[in-house]
Number of protein chains: 4
Amino acid sequence: MPGVAHTETRFDRRLAEILEYAIEVFYERGYEGASMRDLSRATGMSLAGLYYYFESKERLLYLIQKHTFKTIVQRLKERLKDANQPEQRIRVFILNHLEYFLSNQKAMKVLSHEDDALKNGFGAEIAAIKREYYHTCLDLMDEFKAAKGLEFNSRIAVLSLFGMMNWIYTWYKPRVDADASELARDMGDIFLRGICTGGQRGTRRKV
Amino acid sequence: MPGVAHTETRFDRRLAEILEYAIEVFYERGYEGASMRDLSRATGMSLAGLYYYFESKERLLYLIQKHTFKTIVQRLKERLKDANQPEQRIRVFILNHLEYFLSNQKAMKVLSHEDDALKNGFGAEIAAIKREYYHTCLDLMDEFKAAKGLEFNSRIAVLSLFGMMNWIYTWYKPRVDADASELARDMGDIFLRGICTGGQRGTRRKV
Amino acid sequence: MPGVAHTETRFDRRLAEILEYAIEVFYERGYEGASMRDLSRATGMSLAGLYYYFESKERLLYLIQKHTFKTIVQRLKERLKDANQPEQRIRVFILNHLEYFLSNQKAMKVLSHEDDALKNGFGAEIAAIKREYYHTCLDLMDEFKAAKGLEFNSRIAVLSLFGMMNWIYTWYKPRVDADASELARDMGDIFLRGICTGGQRGTRRKV
Amino acid sequence: MPGVAHTETRFDRRLAEILEYAIEVFYERGYEGASMRDLSRATGMSLAGLYYYFESKERLLYLIQKHTFKTIVQRLKERLKDANQPEQRIRVFILNHLEYFLSNQKAMKVLSHEDDALKNGFGAEIAAIKREYYHTCLDLMDEFKAAKGLEFNSRIAVLSLFGMMNWIYTWYKPRVDADASELARDMGDIFLRGICTGGQRGTRRKV
DNA sequence: TATGAATGAGTGTTCATTCAT
DNA sequence: TATGAATGAACACTCATTCAT
């Protein structure tokens with residue numbers, strides 16, 4: 001079916017290729033530490049040639065972050081459609097995050113690590129997606145709390161969960177550590193049991 | 001009180017001052033993003049003057065990271081002396097980490113975020129301290145497991161805990177979020193309950 | 001005329017131009033004393049622009065020295081083909097050296113004066129060419145000795161000859177001093193007569 | 001005998017020490033390449049301390065060159081008193097030069113190699129001594145020519161001789177090459193025989 | 001579509017030198 | 001007599017970016 005959306009031009013494909021290399025380079029040396037020359041070397045394209053595809057190094061990072069983030073959010077939405085129970089929905093969130101994280105480890109490091117490298121407009125747009133993603137998780141948490149009649153600080157819970165998950169880029173070793181689904185189960189266990197038991201302020205007790 | 005230790009020279013004091021500024025600058029702009037000129041401006045000292053106190057930008061980061069890390073490790077050791085029960089010891093670990101983290105948020109971001117900015121000798125030394133710190137926590141976890149007769153992946157548990165805690169630098173707002181002790185209690189609850197219940201592989205069930 | 005050799009690119013030509021300026025600058029201020037800014041000023045090209053043509057100041061000196069040396073050696077080989085008699089061959093050596101020296105006085109000063117400015121790889125390569133050149137002269141000297149049945153220290157003789165010739169850059173004034181061929185004849189006379197007469201150890205006598 | 005001249009103060013002695021180190025440093029790294037920090041390290045004296053003894057790096061070089069040159073000139077004068085015959089006088093000149101050169105190789109390299117490093121006043125003064133020294137040799141040459149009824153370009157002869165001798169710093173190896181007196185004899189032989197024989201313009205002949 | 005050539009501004013670092021003590 | 005502390009200017013070099021082609 002011909003249409004507007006599926007016309008992926010040669011330009012788009014070439015740009016996507018370059019972005020792959022850029023992810024590699026930013027992953028390896030950090031956004032500030034990476035130079036356009038590094039990217040030129042990595043892609044085999046001339047310095048000037050790169051600029052045909054994007055207007056600045058900053059925009060390059062922006063494109064990476066946006067695409068990465070949008071994809072993870074979109075996949076989440078897809079998966080959430082099939083999950084109804086509050087707990088299950090949180091587990092879906094975790095699995096989605098970790099699956100994407102591990103299949104796109106380098107991009108995710110660039111997303112996580114270069115959190116505040118973008119300025120002004122670019123930064124604001126990514127921050128907005130991030131906020132949306134955060135609130136999705138926050139909502140899941142509140143649903144869960146309501147369903148279970150629990151009482152805890154959702155903000156802390158969500159941010160702790162993000163911490164657990166995002167920190168992965170600092171330690172994950174493919175050949176040592178389990179795959180995404182097992183990791184999601186383990187982290188899900190820790191997190192969900194953690195926020196579950198007791199939990200009522202005032203009646204908090206030793207574990 | 002006479003003693004060996006109190007010979008803190010003028011040089012040391014001045015260097016310490018500069019390090020404070022450097023923490024601020026690295027916190028604000030990242031290690032790579034920060035220029036020695038930024039530091040010169042921040043300290044009010046001439047570019048050349050700074051080099052009287054340390055031989056390179058890299059060594060500056062090294063000094064910051066080493067001091068920060070050594071202090072946190074040392075305080076932990078002190079506190080661990082008074083804690084005997086496995087659970088309590090983990091809670092001490094968490095509290096120590098978070099207390100230091102929040103009182104030295106900027107330094108801790110520089111420590112966490114610029115994890116792999118140091119090369120060769122400098123990097124190796126910091127990595128060694130980090131490994132020691134990690135293993136201390138791992139040991140605590142194993143003691144806890146043994147005492148409770150639990151079964152879980154200590155590595156994942158410890159690294160998840162670190163993630164929860166270290167991620168703080170990305171979101172903590174002093175006026176919004178609770179203080180260290182409350183945070184330590186909350187995170188401790190989540191984490192300890194999480195790893196506690198059930199836990200035996202095979203008998204795992206819904207939360 | 002078609003051929004492999006005539007592909008001298010625009011890049012090569014531009015580089016050659018820059019090298020001319022660099023010779024001038026190094027000649028005037030010495031390698032250490034010359035700054036890239038001096039060269040930038042001399043060429044009228046921006047500081048950064050220069051680096052498009054060579055990767056470092058050291059390599060710049062290397063290129064100058066190598067080209068100068070290779071040319072002088074190559075011309076010598078050419079000329080030596082047509083000379084058979086031992087004495088004549090030495091005179092050819094002297095003439096070749098002085099002719100090139102005087103037509104490329106500045107480059108030759110840079111070659112002579114900055115003898116040990118190059119480090120490691122660069123230095124080694126130039127040193128190798130120099131050694132080869134020295135040995136060519138040493139061989140000429142030994143042939144001469146053998147042919148004439150003379151007895152003298154070839155090493156000292158050769159190095160004395162080099163001294164006579166290379167020192168020129170410190171005193172030669174185009175409008176005062178004779179041209180290369182006359183100078184070559186004079187120095188050749190001094191040198192050849194000098195090593196000729198008497199010369200047998202033991203029978204040495206007053207001049 | 002009391003007098004003005006022999007009061008060598010502590011200051012003078014200390015300065016002389018420093019000059020020794022400076023010779024070493026300039027010899028090793030060249031005047032431009034040597035830094036005051038290098039000298040500070042070499043002497044064990046503080047950077048600022050050095051400036052008590054001389055007002056600038058340039059003056060340091062000046063002091064070294066002046067002292068070296070004055071000494072060699074003065075010794076020459078002494079020795080020339082006892083030599084009457086023209087040839088002998090030239091041999092004395094050579095021997096004096098080489099003896100001093102080899103006993104003070106490093107200082108002599110600094111003198112020879114850093115010939116034009118000094119600017120303005122400093123440079124002029126050294127240049128004057130040099131000119132005087134040169135003319136002494138030129139006079140010796142002219143006396144010799146007159147006595148022998150020879151005909152050659154004294155300027156070229158003298159400068160060739162200087163070349164032979166001064167070039168030594170680039171090749172002399174104490175354990176390989178002969179000592180000063182032997183070297184002086186060899187170079188004297190080469191040079192004196194060289195300028196002697198034939199020599200009349202027009203009647204010049206093959207050696 | 002892609003590049004060779006170029007640039008102004010900036011990088012971390014070192015320079016010779018000074019001055020209060 | 002000697003130094004610790006400091007500096008302005010310069011160093012070699014790299015940066016992201018541009019523009020004619």
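Computed over heavy atoms, backbone and side chain alike; hydrogens, waters and symmetry mates excluded. Lettering follows sequence order; numbering is per chain, from 1.
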Exercise. Would you mind classifying the nucleic acid contact of A:Leu47 as base, sugar-phosphate or nothing, using non-hydrogen atoms under 4.0 angstrom?
Key: base
Practice problem: Give a yes or no answer on whether the side chain of D:Glu114 reaches the backbone of D:Tyr31 with a donor-acceptor pair at less than 3.5 Å. | Solution: yes
Quiz item: Within the distance-only criterion (no hydrogens, no angle test), does the side chain of D:Lys66 pair as donor or acceptor with the backbone N or O of D:Glu125 below 3.5 angstrom?
Solution: no
Quiz item: Do any N or O atoms from the side chain of A:Tyr62 and from the backbone of A:Ile126 form a donor-acceptor pair under 3.5 angstrom?
Solution: no
Quiz item: With distance as the sole test, does B:Lys57 use its side chain to make a donor-acceptor pair with the main-chain N or O of B:Ala34 at under 3.5 Å?
Solution: yes
Exercise. Figure out the NZ/C1' separation between B:Lys57 and E:dG10, and round it to whole Å.
Key: 12 Å
Practice problem: Could you tell me whether A:Lys109 sits above the aromatic face of A:Tyr169, with NZ or CZ closer than 6.0 angstrom to the six-membered ring centre and within 45 degrees of the axis? | Solution: no
Quiz item: Is D:Met45 close to D:Glu17 at the side-chain level, that is, under 4.5 Å between some pair of heavy atoms?
Solution: no
Quiz prompt | Closest-nucleotide 5' rank along DNA chain E - winner of A:Ser46 and B:Tyr51 | solution = A:Ser46
Practice problem: Kindly give the heavy-atom pair with the smallest separation between B:Gly33 and B:Asp38, and that separation in Å. | Solution: O-OD2, 4.0 Å
Quiz item: Mapping B:Leu50 and C:Ser56 onto DNA chain F by nearest heavy atom, which one lands closer to the 5' end?
Solution: B:Leu50
Quiz prompt | B:Gln65 side-chain N/O to B:Val110 backbone N/O, donor-acceptor pair under 3.5 Å | solution = yes
Self-check item: First-last contacting nucleotides on DNA chain F - partner chain C, under 4.0 angstrom, heavy atom
Solution: F:dC11 to F:dC15
Quiz prompt | Atom-pair distance (CZ on D:Arg41; C1' on E:dT14), nearest Å | solution = 11 Å
Exercise. State, with a plain yes or no, whether a side-chain heavy atom of D:Thr71 is found less than 4.5 Å away from one of D:His67.
Key: yes
Exercise. Indicate yes or no: at least one non-hydrogen side-chain atom of A:Asn104 is less than 4.5 angstrom from one of A:Thr68.
Key: no
Quiz item: Heavy-atom contacts under 4.0 Å between residues 22-39 of chain C and DNA chain E, which residues?
Solution: none
Quiz prompt | Structure string for DNA chain F in dot-bracket form, Watson-Crick and G-U at under 3.5 Å, | interchain | solution = .||||||||||||||||||||
Quiz prompt | Expected output: side-chain C:Ser40 to main-chain C:Met36 donor-acceptor under 3.5 Å | solution = no
